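In what follows, residues are counted from 1 in the order of the sequence shown. These numbers were taken from a predicted model, which means no experiment stands behind them.
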Amino acid sequence: QNRNMWVIAGLALILVILIAGPYVRARIFASFAALAAVLAILIAAPLGGSGASSPITPIVARASSILNPTAIRSSSSASDRDYEDREGWQSAIHHLAIGIGPGANYGAELITTSGGTHGVTPRLFLQNQYLYILVTTGILGIAAWILFLLATIRNALMPGAPIESRMLGVGVLGLSLTAIVMLSFTDPSYLVALGLVSGAIYALRPDVGREHAGVRVPRALAEVR
């Protein structure tokens with residue numbers, strides 16, 4: 001129930017509908033109709049009898065909070081991110097050249113509880129991944145990483161790119177946006193996925209076959225009808 005994932009998923013879905021052909025759009029709208037029918041059944045027939053709340057009530061409550069910026073700003077998760085960002089910026093300003101390196105303490109602390117005993121340990125992560133890369137690698141590191149993301153998205157959306165490449169590009173863009181508030185660039189599973197998708201986007205480039213003489217790259221479908 002991460003709100004940021006819901007927002008990004010909504011934006012990505014809009015891009016998919018705009019980019020995809022009529023056949024894919026028809027299947028997406030059919031899926032929406034089926035989902036709406038399932039939600040209607042869940043709302044009409046709550047589990048546990050008429051006195052029980054609907055099983056989708058927690059989801060609706062979480063989703064509705066997206067439209068309430070005041071509630072989001074006052075939440076504990078938002079204040080926690082603000083604390084990290086303040087400490088991170090202070091560290092980044094003093095180490096702009098090469099950063100402090102991964103695994104180093106940038107100033108934020110984390111309160112831990114074990115067996116009823118409270119302790120304080122250094123917070124070695126930043127939920128804003130762009131700020132984290134700036135803190136750990138400096139200005140050159142974050143610049144190189146942003147150039148990599150932009151080049152990957154450009155390859156996915158370049159003229160003549162197949163529909164598969166464009167869909168993968170939407171995925172990279174979505175993951176890049178979630179990294180503002182989520183550990184999308186430091187979690188190993190996300191990094192593996194990003195590497196595979198980026199490699200696939202490059203392999204699907206229309207000019208790859210000409211750049212690598214003698215290596216035949218299979219052409220994907222030019223358009224899904």
Side-chain angles (χ1 to χ4, degrees), residues 1-32 34-35 63 66 81 99 102 125-225:
Q1 294 198 40
N2 287 342
R3 286 174 294 212
N4 67 297
M5 297 293 282
W6 290 8
V7 172
I8 300 305
L11 294 175
L13 183 59
I14 293 173
L15 290 175
V16 168
I17 292 173
L18 293 175
I19 293 173
Y23 177 72
V24 174
R25 281 196 289 267
R27 297 187 67 176
I28 291 175
F29 292 141
S31 300
F32 282 158
L35 179 61
I66 296 176
R81 290 189 181 95
F125 62 89
L126 260 164
Q127 294 175 84
N128 185 334
Q129 295 286 272
Y130 295 97
L131 179 56
Y132 177 78
I133 295 175
L134 175 62
V135 169
T136 56
T137 66
I139 192 70
L140 294 179
I142 187 60
W145 183 254
I146 291 176
L147 285 176
F148 159 71
L149 295 175
L150 292 177
T152 300
I153 296 172
R154 181 208 61 185
N155 288 337
L157 303 178
M158 68 188 305
I163 186 68
E164 292 86 353
S165 180
R166 284 179 274 168
M167 294 298 107
L168 294 175
V170 171
V172 173
L173 176 61
L175 187 65
S176 300
L177 292 176
T178 64
I180 298 173
V181 292
M182 198 173 86
L183 306 181
S184 302
F185 294 153
T186 53
D187 183 275
S189 59
Y190 282 114
L191 285 175
V192 170
L194 181 60
L196 290 173
V197 170
S198 300
I201 288 173
Y202 181 80
L204 289 169
R205 281 179 47 181
D207 56 350
V208 165
R210 294 191 297 270
E211 290 177 356
H212 303 280
V215 178
R216 182 176 178 81
V217 178
R219 288 297 301 273
L221 294 176
E223 185 66 45
V224 176
R225 298 185 178 179

Please report, to 0.1 Å, the donor-acceptor pairs under 3.5 Å made by any side chain of residues 131-143, with sequence neighbours excluded.
| unit_1 | atom_1 | unit_2 | atom_2 | d |
| --- | --- | --- | --- | --- |
| Thr136 | OG1 | Tyr132 | O | 2.9 |
| Thr136 | OG1 | Ile133 | O | 3.4 |
| Thr137 | OG1 | Ile133 | O | 2.5 |

With Arg25 via side-chain contact (heavy atoms from CB on, under 4.5 Å) - residues at least two apart: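 Partners of Arg25 by the side-chain contact (heavy atoms from CB on, under 4.5 Å) criterion, ordered by chain and then number, come out as Ile17, Pro22, Phe29.
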
Looking at residues at least two apart in the chain, or sitting in another chain, which of them share a ring pair (Phe, Tyr, Trp, His ring centres under 6.0 Å) with Phe32?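 Expected list: none.
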
For residues 139-156, pull every pair meeting side chain to side chain donor-acceptor pair (under 3.5 Å), keeping only residues two or more places apart or in separate chains.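 Qualifying pairs: none.
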
Looking at [atom1] of [X] and [atom2] of [Y], how far apart are the two atoms once the value is rounded to the nearest 0.5 Å?
{"X": "Ile14", "Y": "Ile19", "atom1": "CD1", "atom2": "CD1", "result": "12.0 Å"}
{"X": "Ile180", "Y": "Asn4", "atom1": "CD1", "atom2": "CG", "result": "9.5 Å"}
{"X": "Leu177", "Y": "Met5", "atom1": "CG", "atom2": "CE", "result": "11.0 Å"}

For [X] and [Y], which heavy atoms make the closest approach, and how far apart are they?
{"X": "Tyr130", "Y": "Ala179", "answer": "CE1-CB, 3.9 Å"}
{"X": "Gly169", "Y": "Ala156", "answer": "CA-CB, 3.5 Å"}
{"X": "Ser165", "Y": "Ile201", "answer": "OG-CG2, 3.9 Å"}
{"X": "Ala161", "Y": "Pro206", "answer": "N-CG, 3.7 Å"}

Scan the side chains in residues 193-200 for donor-acceptor partners under 3.5 Å anywhere in the protein, sequence neighbours excluded, and list what turns up.
| unit_1 | atom_1 | unit_2 | atom_2 | d |
| --- | --- | --- | --- | --- |
| Ser198 | OG | Leu194 | O | 2.7 |

Begin with the C-alpha distance, continue with both residues' side-chain angles, and end with the deciding distance and a verdict on side-chain contact (heavy atoms from CB on, under 4.5 Å) for Leu13 and Ile28. CA-CA 9 Å; Leu13 183 59; Ile28 291 175; 4.1 Å; yes

All N/O donor-acceptor pairs, side-chain side in residues 183-192, below 3.5 Å, sequence neighbours left out:
| unit_1 | atom_1 | unit_2 | atom_2 | d |
| --- | --- | --- | --- | --- |
| Ser184 | OG | Thr178 | OG1 | 2.8 |
| Thr186 | OG1 | Gln129 | OE1 | 2.9 |
| Asp187 | OD1 | Ser189 | N | 3.0 |
| Asp187 | OD1 | Ser189 | OG | 2.3 |
| Asp187 | OD1 | Tyr190 | N | 3.4 |

